[in-house]
Amino acid sequence: MRVLAHVDLDAFYTQVEVQRNPSLKGTPVVVVQYNPYGDLRTVKPSDNRLFPDSNGSIIAVSYEARKHGVKRNMMAQAAKKLCPELSIVQVPVAHGKADIQIYRDAGAAVISVLSSDGAICERASVDEAYLDVTAGAQQLLAAAAAAAAGGGDAAGDALQAQLGAGGSQQQQQAVDDAGAQPAAVGPLLPLPESIEGWHVADAAEPGAAGVAAWWARPAACWNNDELLLAAGAVVVARLRASVAQQLGYSCSAGIAHSKILAKLGSGLNKPAQQTLVPAAAVPGLLGPLPLPKLRQLGGKFGEELMTGLGVSTVGELAAVPLPRLEALVGLENAAWLQRLAQGKDDEEVKPRTLPKSISCGKTFRGASALTGLTAVHGWLSQLATELQERLDNDRRQHQRTPSQLTVSIDTLAAAAAGPDSAAVPGASAAIVQAAAAGPAAAAAGRATPQNWRAGVAAVSRSTPLRRPVAEVMAADALKLVKKWARDRGQGWKIIGIFISASNFVAAPTGASTLDSDSCSTASSS
DNA sequence: ATGGTGCCACA
DNA sequence: TGTGGCAC
């Protein structure tokens, strides 16, 4: 049985900012994004980025601020009404857009610590990772077993250290032996001195008391999986301590036998806490859980399930007969769902600490929407410049270079969405109709904000990434957009542009810039 | 006046 | 290859 963990940095962006400005420590802090239209001024990471009057939208909330009811996506000034002493930190701005590089770098440092001790580590986002600590847990148990059997714990530790990762056969054997003798289980893995902030999901008592009680259960109550899970919890606690000590960041974690439960567990007790999810706790945990709380069921699919099946909790979903489930979502989804509803999830922790793509983009809301190719070119240049910087760093650090360039645009069609007008390309008939039936109907024949919005459509086009150089990438991206504009005809608004570099291939360090300079100068256009 | 990213499944 | 969904 695997032992997996989900590690989640607590209100990460605010932690990064507090570390950069320690006077904020222990105070309510939010991080906001605020991009005045057309303003290309940069706000460097090292600038004073405290903006008490900013009304940007909040993307991270410190736990002190959460106590006052401040939430993500709130406007900063609305939050300040809830919490007058709130510190508002603005995300750095470069190339006319928010630049979250300082958080990426901090996240990479965390990933580095989490993956330094042999755990398989999958970067799930800038502030989250999945770990497979099965090997480490087995190793810990084997060492404990050896110590218990031999009496000399030092000798046991030394032996296990010698066995190292290559000794997994013997270690597994030791674990199995231990499991075969339940009487030895209790004393086998001593409860760590400090279990502050530890929890066992669905325990009779909350917090450390519950953990202690769980740990102190009669030896006959333990099974191998629980033993492994307990050992995994020790491994994860050590990793979290390393993150705290080496980097100064607090994080929370869930430890379980599947990704889905580990993820659920990490959110049960925050901040700076960790939660074990033993198999025995799963029915009690999932039964009353609202469907949208499960990863993957937070959106339309979950909504479809709730309305289509008349269920609202995971327990109710688990009780739906398979045929009924199949009728609604198909064979494959039904089988997957039924297992998911029991906390069963075979998804592996993929050994991947680096992003598979690097992208940047910007939205242009309302009046800032782009209507001409000149503006598009200007922003593509900005985005490509940032992209090149990030690709340069990525190549230097990871000896790889992307081979594919994708440009995506979010667009609004200009065609009027009046009742008798042609359908807006990219918009479903239902949406167009809904828009036409609304207040905008009176303005049929003219483009109004309402029917502009009805025509939103995303378009993406890819091309080989010739050279990771801003001018080249911007030019190639512009070509794709020009072609789209030509095909599309007159009358469009672009409300978002994104460029992405992907399909990385190995590349030697350092040569990129020199090669591109000596090959052919990019100043052809 | 909910931004910027990144992953994945599907067709 | 492009679209859409999900998550934070």
Side-chain angles (χ1 to χ4, degrees), chain A residues 6 8-14 30-37 54-61 71-79 90-104 107 122-130 259-260 263 266-267 292-304 329-330 332-333 336 347 350 352 354-369 382-383 386-387 390 404-411 425-428 449 453 456-464 480 484 495-504:
Chain A
H6 179 257
D8 195 346
L9 278 296
D10 303 318
F12 189 41
Y13 288 14
T14 68
V30 293
V31 175
V32 304
Q33 275 181 179
Y34 182 57
N35 304 65
Y37 165 52
S54 165
N55 196 21
S57 74
I58 295 172
I59 61 173
V61 187
K71 295 211 158 66
R72 214 168 168 273
N73 286 340
M74 235 175 219
M75 291 291 149
Q77 293 309 313
Q90 159 73 51
V91 173
V93 176
H95 312 295
K97 59 183 283 300
D99 179 357
I100 63 171
Q101 193 58 35
I102 58 174
Y103 314 118
R104 280 196 203 96
E122 176 180 344
R123 177 193 196 273
S125 75
V126 67
D127 66 348
E128 284 176 73
Y130 288 95
K259 272 183 158 185
I260 189 99
K263 165 80 174 168
S266 72
K293 297 265 184 189
L294 266 199
R295 188 177 59 129
Q296 303 293 326
L297 303 186
K300 295 185 180 180
F301 187 57
E303 186 59 37
E304 184 188 341
V329 301
E332 198 111 329
N333 280 337
W336 172 76
E347 200 188 326
K350 298 169 188 73
R352 184 178 48 74
L354 301 179
K356 302 171 78 161
S357 64
I358 294 179
S359 64
C360 43
K362 178 169 172 58
T363 55
F364 307 93
R365 295 166 315 185
S368 68
Q382 295 292 324
L383 294 173
E386 180 187 324
L387 188 58
R390 289 168 59 187
Q404 185 177 56
L405 179 72
T406 302
V407 55
S408 311
I409 51 179
D410 286 344
T411 73
S428 78
R453 203 178 312 116
V456 66
V459 177
S460 78
R461 299 283 184 265
S462 296
T463 187
L480 296 178
W484 168 83
I495 59 173
I497 305 184
F498 314 87
I499 57 177
S500 172
S502 59
N503 294 12
F504 283 89

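By convention in this document, chain letters (A, B, ...) are assigned in the order of the sequence lines, proteins followed by strands, and residues within each chain are numbered from 1.
- Ring geometry for A:Y130 versus A:H6: interplanar angle of 30 to 60°, hence tilted.
- For A:E303, the side-chain contact (heavy atoms from CB on, under 4.5 Å) partners at least two apart in sequence or on another chain are A:M306, A:T307.
- Considering only residues two or more places apart in sequence or on other chains, A:I495 meets the side-chain contact (heavy atoms from CB on, under 4.5 Å) condition with A:A369, A:D410, A:L412, A:V456.
- One interatomic measurement links the two molecules: CG of A:N503 to C1' of B:dG6, which rounds to 14 Å at whole-angstrom precision.
- Applying the side-chain contact (heavy atoms from CB on, under 4.5 Å) rule to A:Q382 yields the partners A:L40, A:H95, A:W379; only residues at least two apart in sequence or on another chain are considered.
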Are any protein N/O atoms closer than 3.5 Å to N/O atoms in nucleotides 8-11 of chain B? If there are, list each pair with its distance.
residue, atom, partner, partner atom, Å
B:dC8, OP2, A:K356, NZ, 3.0

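- Here A:S500 pairs with nothing under the side chain to side chain donor-acceptor pair (under 3.5 Å) rule; sequence neighbours left out.
- Nearest to the side-chain atoms of A:N73 among the listed nucleotides C:dG2, B:dT5, B:dG3 stands B:dG3.
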Protein-nucleotides 5-8 of chain C N/O pairs under 3.5 Å:
residue, atom, partner, partner atom, Å
C:dG5, OP1, A:K300, NZ, 3.2
C:dC6, OP1, A:K300, N, 2.6
C:dC6, OP1, A:F301, N, 2.9
C:dC6, OP2, A:K300, N, 3.1
C:dA7, OP1, A:Q296, N, 2.9
C:dA7, OP1, A:G298, N, 3.2
C:dC8, OP1, A:K263, NZ, 2.7

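- If you check every strand for non-hydrogen atoms under 4.0 Å, A:E303 touches nothing.
- For A:K350, the salt bridge (Lys or Arg N to Asp or Glu O under 4.0 Å) partners are A:E347, not counting sequence neighbours.
- A:V459 comes within 4.0 angstrom of sugar-phosphate atoms only, judged by non-hydrogen atoms across all strands, and of no base.
- Across B:dT5, C:dG2, B:dG6, the shortest atom-to-atom separation from the side chain of A:S357 is found for B:dG6.
- Using a 4.0 Å heavy-atom criterion, one finds that A:I358 contacts the sugar-phosphate atoms exclusively.
- The side-chain contact (heavy atoms from CB on, under 4.5 Å) search around A:Q296 returns A:W336, not counting sequence neighbours.
- Taking the ring pair (Phe, Tyr, Trp, His ring centres under 6.0 Å) definition, one finds that A:F498 meets it with nothing, sequence neighbours left out.
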